[in-house]
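Contents: one structure, followed by commentary.
Keep in mind that this is a model prediction, so the values were computed, not measured.
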Amino acid sequence: MKNFVLFGSLAFAGLAAAGASAATLDDVTARGTLNCGVTTGVPGFAEPDANGVWQGFDVAVCRAVAAAVLGDGDAVTFVPTTGKTRFTALASGEIDVLARNTTWTFSRDTDLKFDFTGVNYYDGQGFMVPASLGVSSALELDGATVCIQTGTTTELNLADYFRVNNMSYEPVPIETGAEAVQQYTAGACDVYTTDRSALAAQRAGFADPSSSVILPEVVSKEPLGPLVRHGDSEWFDIVKWTLNAMIAAEEYGVTQANVEELAAAPGDNPEINRLLGTEGELGAMMGLDSSWAKNAIAAVGNYGEVFDANIGESTAIGLARGLNAQYTEGGLLYSPPFR
């Protein structure tokens, strides 16, 4: 889902460079809405609710950026993308930012001319199997049929893992996460492999989630995060620091419930004051209003609130923070200083 390896990348690099020639901030401001690329639907991360309103962990990044730039977290046009269409949509300018379970890799950062603005979820590729298969380790999967999204680094990781462990498998090609679930639940493959977070999210939607097991092996590093076109440093800064604002807000105890109060009555913590725009001129440095970060936090909450509400342990998906905890809690989340 997140790992499309784009052949003919030089052509798309040219599109990216051309797309970034116009100032994205000016385009978004003039349009009055942020065009944000999301997945076609992964529970907890990005999917429309019963009323057609997009919700989820990645969706919150889109809404936070819209609030920072336009003052309105609802000023977003969500553009569903697949593994094959997401990079074209970003490079061509159809979307302003891609927030869609996409892995930060060397070639995407350099050859495809995209800029990743940070990591909003540290993940790794895993394997899901029916409990009835009686398998407790990926090392027992020799000869299995595997549902796999073709043309992805997920596919490459799978090939590497089976080769290193001297095992064989039969691929069952799929296009989207929804198709993978359909094929897997219909018994067309023994194994479904993708990001472990996506496996957990999709399993939560099964009629009987306990009927499937996510195996313990993690066979790759998958730092997932939003990305923008290369060549527009101002826009890159805006998306990057909006994500950082969500992370820093959690560290400093700034929440969706108290952000307005903290902004109205600045306290003794200068970092919080700078974050909320009551001290310094950080917003002006990016061409934004001083309340940009306050607006983002007010719209979606801090990073921890977004995590807990959409994919945390109290939800059906039930993900622990793990590597996605603050650095003060043994995780990898760490925002540079707001100064």
Side-chain angles (χ1 to χ4, degrees), residues 1-2 4 24 27-29 31-90 92-103 117-121 123 175-181 194-195 197-205 224-228 235 238-239 242-243 245-246 256 295-312 314-317 319 324:
M1 141 180 342
K2 78 290 177 194
F4 184 59
T24 309
D27 292 342
V28 172
T29 302
R31 192 189 309 130
T33 185
L34 174 76
N35 293 335
C36 195
V38 291
T39 181
T40 52
V42 175
F45 284 87
E47 65 174 353
D49 63 16
N51 297 317
V53 179
W54 282 86
Q55 307 287 349
F57 181 76
D58 288 329
V59 165
V61 174
C62 303
R63 296 195 185 281
V65 173
V69 174
L70 301 169
D72 182 0
D74 291 328
V76 185
T77 298
F78 292 98
V79 181
T81 64
T82 68
K84 289 184 177 180
T85 65
R86 56 184 165 172
F87 295 135
T88 308
L90 180 59
S92 66
E94 180 184 356
I95 57 178
D96 306 306
V97 59
L98 178 63
R100 184 201 176 279
N101 297 58
T102 298
T103 305
T117 63
V119 177
N120 73 325
Y121 194 91
D123 210 344
E175 185 72 22
T176 66
E179 182 185 353
V181 169
T194 188
D195 291 342
S197 64
L199 293 177
Q202 289 162 335
R203 182 179 65 169
L224 310 176
L227 57 153
V228 297
W235 184 245
I238 289 170
V239 179
T242 300
L243 176 58
M246 295 169 64
Q256 192 173 30
N295 292 340
I297 298 162
V300 303
N302 65 40
Y303 179 93
E305 291 178 293
V306 171
F307 189 104
D308 291 343
N310 292 285
I311 58 177
S314 64
T315 69
I317 297 170
L319 294 175
N324 298 291

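- Annotation: salt bridge (charged side-chain N to carboxylate O under 4.0 Å, His left out) contacts involving residues 36-57, sequence neighbours excluded, are absent.
- Residues satisfying the side chain to side chain donor-acceptor pair (under 3.5 Å) test with T29, not counting sequence neighbours, are none.
- Contact of the L227 side chain with the L90 side chain is registered, since non-hydrogen atoms from C-beta on lie closer than 4.5 Å.
- The CD1 atom of I95 lies 11.0 Å from the OG1 atom of T24; values are rounded to the nearest 0.5 Å.
- For the atom pair D96 CG and N35 CG, the distance stands at 5.0 Å (nearest 0.5 Å).
- Without hydrogens or angle criteria, E305 side chain to Q256 main chain gives a donor-acceptor distance under 3.5 Å.
- Summarising the geometry of N310 relative to G44, their closest heavy-atom pair is CB-O, 3.4 Å, with the distance given to 0.1 Å.
- For E94, the side chain to side chain contact (heavy atoms under 4.5 Å, CB included) partners are V79, A89, S92, not counting sequence neighbours.
- Here A200 pairs with I214, I317, L319 under the side chain to side chain contact (heavy atoms under 4.5 Å, CB included) rule; sequence neighbours left out.
- Between the side chain of Y303 and the backbone N or O of L243 there is no donor-acceptor pair closer than 3.5 Å.
- Listed here is the closest heavy atom pair of G71 and N295: CA-ND2, 4.1 Å.
- The two residues A67 and A299 come nearest to each other via the heavy atoms CB-CB, 3.7 Å.
- A donor-acceptor pair shorter than 3.5 Å can be found between the side chains of T77 and T33.
- G301 approaches M246 most closely through the heavy-atom pair O-CG, 4.3 Å.
- Remark: T315 engages no residue in a side chain to side chain donor-acceptor pair (under 3.5 Å) (not counting sequence neighbours).
- Pairs of residues two or more places apart, or lying in two chains, that qualify as salt bridge (charged side-chain N to carboxylate O under 4.0 Å, His left out) and include a residue from residues 51-68 are R63-D74.
- When the side chain to side chain contact (heavy atoms under 4.5 Å, CB included) test is applied to D123, the partners found at least two apart in sequence or on another chain are Y121, D195, R196, S197, E222, L224.
- With sequence neighbours excluded, the residues satisfying side chain to side chain contact (heavy atoms under 4.5 Å, CB included) with A46 are V38, T39, W54, V59.
- Applying the salt bridge (Lys or Arg N to Asp or Glu O under 4.0 Å) test to E175 and every residue at least two apart in sequence or in another chain returns K84.
- For T81, the side chain to side chain donor-acceptor pair (under 3.5 Å) test picks out R100, with sequence neighbours left out.
- Nearest heavy-atom pair, I297 versus A245, reported as atom, atom and distance to 0.1 Å: CD1-O, 4.1 Å.
- Side-chain contact between V306 and F57: present, with at least one pair of heavy atoms (C-beta onward) separated by less than 4.5 Å.
- Here the shortest heavy-atom pairing between A99 and C62 reads CB-SG, 3.8 Å.
- Evaluation of the side chain to side chain donor-acceptor pair (under 3.5 Å) rule for T242 yields no partner, not counting sequence neighbours.
- Atoms CZ and CG, from F307 and N302 in turn, are 12.5 Å apart once rounded to the nearest 0.5 Å.
- Here the side chains of R31 and D27 are in contact, with some heavy-atom distance below 4.5 Å.
- Residues V69 and L34 have side chains not in contact (no heavy-atom distance under 4.5 Å, counting atoms from C-beta outward).
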